[in-house]
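Protein chains get the first letters and strands the later ones, always in sequence-line order, with residue 1 at the start of each.
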Amino acid sequence: MKRAMSNTPEPLPKAYDPSEVETRWYAHWEKNGYFTANPEPSLLPPEHPDYRRPYVIVIPPPNVTGSLHMGHAMYVIEDVLIRWHRMLGDNAMWLPGVDHAGIATQMIVERELKKNENKTRHDLGREQFLERVWKWKHESGGRITQQLRALGFSLDWTRERFTMEPALSKAVTEVFVRLWEEGLLYQSSRLINWCTSCHTALSDLEVDHEEEKGKLWEIAYPLEDGSGEVVVATTRPETLLGDTAVAVHPKDPRYASMHGKRVKLPLAPETRTDSEGRKIPRAIPVVTDAILVDMAFGSGVVKVTPGHDFNDFETGKRHALPLVNVVNLDGTLNENAGAALQGKKVDAARKEVLRLLHEQGLLRGEKDHTLARGRCQRCSAVVEPLLSTQWYVRTKPLAGPAITAVEYGKTKIIPEGWTKTYMHWMTNIQDWCISRQLWWGHQIPAWYAPDGTVFVARDEAAAREQAEKKFGEGVVLRRDEDVLDTWFSSALWPFSTLGWPERTKDMDAFYPGAVLETGFDILFFWVARMMMMGLHFTGEVPFRHVFLHAMVRDEKGQKMSKTRGNVIDPLDVVNGAPVERLPKEQQKQHPEGWRPQGADSLRITLASMAAQGRDVKLSIDRVEGYKAFINKVWNAARFALMRVTPGPVKSIDEVRADMSPADRWILSRLQQVAAEVNVALAEYRLDEATGGIYHFLWDEFCDWYIEMSKPALMEEGQSPAKRACEATLVHVLDTSLRLLHPFCPFVTEEIWQKLPLARRESPTVMKAAYPRGETAWHDEQAESSVGAVMELCSAVRRLRADVALPPAKKVPVRVAGSAGARTDALRFEDALKRLGAIESIEQHDALSPEKTKQCAVMVTTRFQVALPLEGLLDVAAEKTRLQKEIDKALKEKGSIEGRVNHEGFRARAPKDVIEKDEARVKEIAERVERLKETLSRLG
RNA sequence: GGGCGCAUAACUCAGCGGUAGAGUACCACCUUCACACGGUGGGAGUCGUAGGUUCAAAUCCUGCUGCGCCCACCA
């Protein structure tokens, strides 16, 4: 047997093992500074030869609290874009960082404190508690960045930022002060969303509304003059003590006689005081209000509780009603509720109120009712509307430019459908409550004089200066204790991370960013606010594109959450996981646990599922499929490395004249795929990009090119054709690995480093040029030749399978068809024989009757193929098979003909469509003729 | 109450006006010298439903049904 001259020992193991490769390469890349961007080339004028176009992505900062979840694994989209642009030669910079995540982090540290020391943050005091948070941050904050490394993300770690670091805190202060000076910041006392568990105000966005089953109770309020009663309907009887009126519709005839009268408030204590401390009588007025009251709902009478309901708050203002607060900040009732209820939690108080009302015969009814109850996004506790003084950003003036920018396409949102949502929210934007009654966060830079006068300044000294101008020396200042909403600092992230407010080189070179890529769930929280702040403080949009990816869900489409127990840690997919670490559902399906899949497999899986619009339903089976693909690529390379003559190959240009049609075909296909991949990436169609590379490598390169090139590669000696084939093989691998690199950085680097390239332009595939597709290699003739080979080969294989020939049994075949097609196909006679287990190939211009005697026959577009079976042929089965072929072809012909013969079609369809259909009909007709001929000969 | 999205092969999804596709799963055969994480061949869908527009509809329009999401203060 001819042993190929491959004298290299096996250069690669038989199966790809990601774990060792991945850690090795990441460390190497990072150590060599391949992730680090230099601003200088982007500061040059664009016409300068050394100028490099900046391409910047600022990472959506994960929370310091967090460990990695699947949502973070979607950063792979950003890494693909960054690696692609880096290879295109752009000055690519991907900035990492983490967010202090006010409420979330504080909650975690408080929970730990409670668990370990049974203390609250108040036991420690603010200063000591914050020390604990920092300590916690230092201990566990690095974990997530390590996890990001494990996924291969090419982040510029030299630029890592944290929202609470001094430079970024300075930016926060600067923005706060400027907004204040511009009149875009104010304090106001109004109803706010109060989380009774986190003990802080929340913005509207941080309140989730969930439909819940509840009751609607009807309560009688006796008229003060004893002339009867009114019955109100309410879902919140416990706030009854906060009522300062009942309202009816002005046109409701049922209550016309009651206008201007007063009702006695049941259960009310002798003394209730309003928010100003004034005493409120037990009798409250009946007011008429067409806005609040819907005559058709309930009894048509509404109790008005300005202190605990947003609608009633507005109603109270319209009627100058006093405001009585009955709920404390901790969710218990206060003295206004009377001795019987004071100190009780809201839910307990509700039961008690109902009991008391029932006792007094005032409870008139109870109905089932669904209502939307606000709950804290972080802790799910019930949110109470409470009166409180908070800081607000005046958002309308900021929203204007953010709307215009998207309208004029300065920033484009992808998928486009989200633009409408963005516009709608921006247009109806409410002022933003930014103060939080927490400790962990940026403390508000505002100081109060003893009389309450507020001074906003960059630091205490500046505040003091202002204060002393007004109050003279020695005035005592007290700093506002509140901190800012986490999203306030996040809104500045695209420029605070680059050094703003200083004028830095990074700011000049790298702002604005190219694309902001994130989940659509934070479109309002974050994207919208970055748009507002970015435009306001830098005069430019913070990014040109917003690419919103779908949510990662489990394979059943459910949101991943701790309570559902279906959270998947990406590293469990990468490294494998024992069964006990898996979500419950997965435990049943994978009793042995998960096998390691490698970061590349997970990356390409997510990239190919990140198609726009839909949710990403991740299943481990899918990842397995891509792992097989990576292994396939690995083995294709392994084959090449074992078979190619040692030493660098020639460049494909040098050997072009000696190439076979197969070489020219695969190069033609390669350049086309490269071009398509670039288009797909530019359109954020990562699924199309991966699909193109996948099918090229597997279906064309591995299944056909490698097989067709084997005879040439096995040849003894050094023929020009063999050299051309080797050059092509290595070139295609080189180019495909580059194409694949942004998706699968590890395996591509590992293989690429071992390729005997004609020329190695870069020490790492990371920085090798990304293939764009060179049309010079387009070769239609070669594509058609190879098409003939494939067609003939498939025909033989199908024939063999149809007559159930043992795969190893070699047979002679007879082929008829045009001379050209036969020449094209037979040029690869060796490969053909091997792939079809063919003993010999006999050529004919046409198959005469005796040449198909005792043969199984297949008719294709270009060929007629006969397989002599001497006595083995099952005539009946063969007849059935041929008849089936004919029926199938006729069915197709019929459907096309039906269309073609329709007069309207001829009159109106485009010419090329008509021609194509007619050609197809003719082709099928010819095929059917030959099939029928063959069939009739069988008798 | 508004707005958006989705219903295509057993599963997960692509296609979005001109002959129904992929991956996985499935069936049969094959340990052939890159790869059994493999090869070859195969079966599998009246493209949710009812209408409309068009020469032509999975693709455009309308109604309906079923899911999902977002926004909104109905007691």
Side-chain angles (χ1 to χ4, degrees), chain A residues 1 3-4 10 12 14-16 191 204 209 216 232-236 247 292-294 297-305 309-314 369 371-372 374 385 415 417-418 420-421 424-425 428 520-521 523-524 551 555 557 595 597 601 608-609 611 613-619 621-622 624-643 687-688 691 694-695 702-703 706-707 710 714 794 797-802 804-808 834-837 892-893 895-896 899-900 902-910 912-914 916-917 920 924:
Chain A
M1 144 132 217
R3 176 77 179 101
E10 289 215 355
L12 299 178
K14 202 164 168 181
Y16 174 58
L191 279 199
D204 299 339
H209 294 276
L216 187 64
V232 303
T234 181
T235 54
R236 300 204 55 191
L292 180 72
V293 182
D294 172 1
F297 189 93
S299 59
V301 187
V302 188
K303 68 195 229 7
V304 183
T305 322
D309 183 282
F310 289 99
N311 281 318
D312 293 2
F313 181 76
E314 295 303 318
H369 184 70
L371 68 156
W418 289 105
K420 202 172 164 184
T421 310
H424 183 259
W425 189 78
N428 298 294
F520 59 76
D521 53 326
L523 180 62
F524 305 143
M551 302 297 292
E555 57 197 340
R595 287 180 300 168
Q597 304 292 332
S601 315
S608 62
M609 294 199 302
R614 291 238 202 186
D615 291 336
V616 173
K617 289 183 198 151
L618 186 73
S619 89
D621 297 343
R622 191 76 180 249
E624 295 254 12
Y626 281 103
K627 191 187 163 208
F629 166 67
I630 287 166
N631 193 54
K632 185 78 182 174
V633 175
W634 176 260
N635 272 289
R638 180 164 172 266
F639 166 79
L641 293 176
M642 284 190 324
R643 281 294 140 80
D687 55 328
E688 282 181 8
Y694 181 102
H695 287 113
C702 290
D703 286 355
I706 287 185
E707 294 308 329
K710 274 176 180 171
M714 302 289 218
S794 300
R797 283 168 169 175
R798 255 195 76 190
L799 265 184
R800 299 184 57 108
D802 284 349
L805 225 51
R834 214 169 47 78
L835 297 179
E892 191 191 343
K893 181 161 160 266
S895 92
I896 302 173
R899 178 164 71 239
V900 172
H902 198 284
E903 63 179 85
F905 178 78
R906 303 211 79 87
R908 291 177 217 217
D912 58 313
V913 173
I914 298 175
K916 217 174 105 192
D917 277 348
R920 183 87 184 121
I924 298 172

Open item on the list: At less than 3.5 Å, do the side-chain atoms of E707(A) and the base atoms of A34(B) form a donor-acceptor pair?
Closed with: yes
TODO: Check whether any side-chain heavy atom of K916(A) lies under 4.5 Å from a side-chain heavy atom of D912(A), and answer yes or no.
DONE: no
Task: Backbone N/O of K420(A) and side chain of H424(A): donor-acceptor pair under 3.5 Å - done: no
Task: T234(A) OG1 to K303(A) NZ distance, which is reported to the nearest 0.5 Å - done: 4.0 Å
Task: Mate of A58(B) where both pairing distances stay under 3.5 Å, Watson-Crick or G-U - done: none
- [ ] Among G23(B), C55(B), G42(B), find the nucleotide with the atom closest to the side chain of H902(A).
- [x] C55(B)
- [ ] Indicate yes or no: at least one non-hydrogen side-chain atom of K710(A) is less than 4.5 angstrom from one of R643(A).
- [x] no
Task: Donor-acceptor pair present, K632(A) side chain and C35(B) base, under 3.5 Å - done: yes
TODO: Counting heavy atoms from C-beta on, name the nucleotide in G41(B), A22(B), A34(B) closest to the side chain of N635(A).
DONE: A34(B)
Open item on the list: For A34(B) and K710(A) - does any side-chain N or O of the residue sit under 4.0 Å from the phosphate oxygens OP1/OP2?
Closed with: yes
TODO: Could you let me know what G21(B) is paired to, Watson-Crick or G-U wobble, both distances under 3.5 Å, or none if it's on its own?
DONE: C13(B)
- [ ] Could you let me know what A28(B) is paired to, Watson-Crick or G-U wobble, both distances under 3.5 Å, or none if it's on its own?
- [x] U40(B)
Task: Minimum side-chain heavy-atom gap V633(A)-Y16(A) below 4.5 Å - done: no
Task: Residue met sooner reading RNA chain B from 5', once R920(A) and H209(A) are mapped to nucleotides - done: R920(A)
- [ ] Scan every strand shown for a Watson-Crick or G-U wobble partner of U53(B), both distances under 3.5 Å, and answer none if you come up empty.
- [x] none
Open item on the list: Here's a test of your reading of the structure: between K420(A) and P806(A), which maps to the more 5' nucleotide of RNA chain B?
Closed with: K420(A)
- [ ] Name the pairing partner of C4(B), where a pair is Watson-Crick or G-U wobble with both distances under 3.5 Å, or state none.
- [x] G68(B)
Open item on the list: From C-beta outward on R798(A), which listed nucleotide comes closest to its side chain: A34(B), G42(B), G38(B)?
Closed with: G42(B)
Task: Closest to the R622(A) side chain, choosing from C55(B), C35(B), U12(B) - done: U12(B)
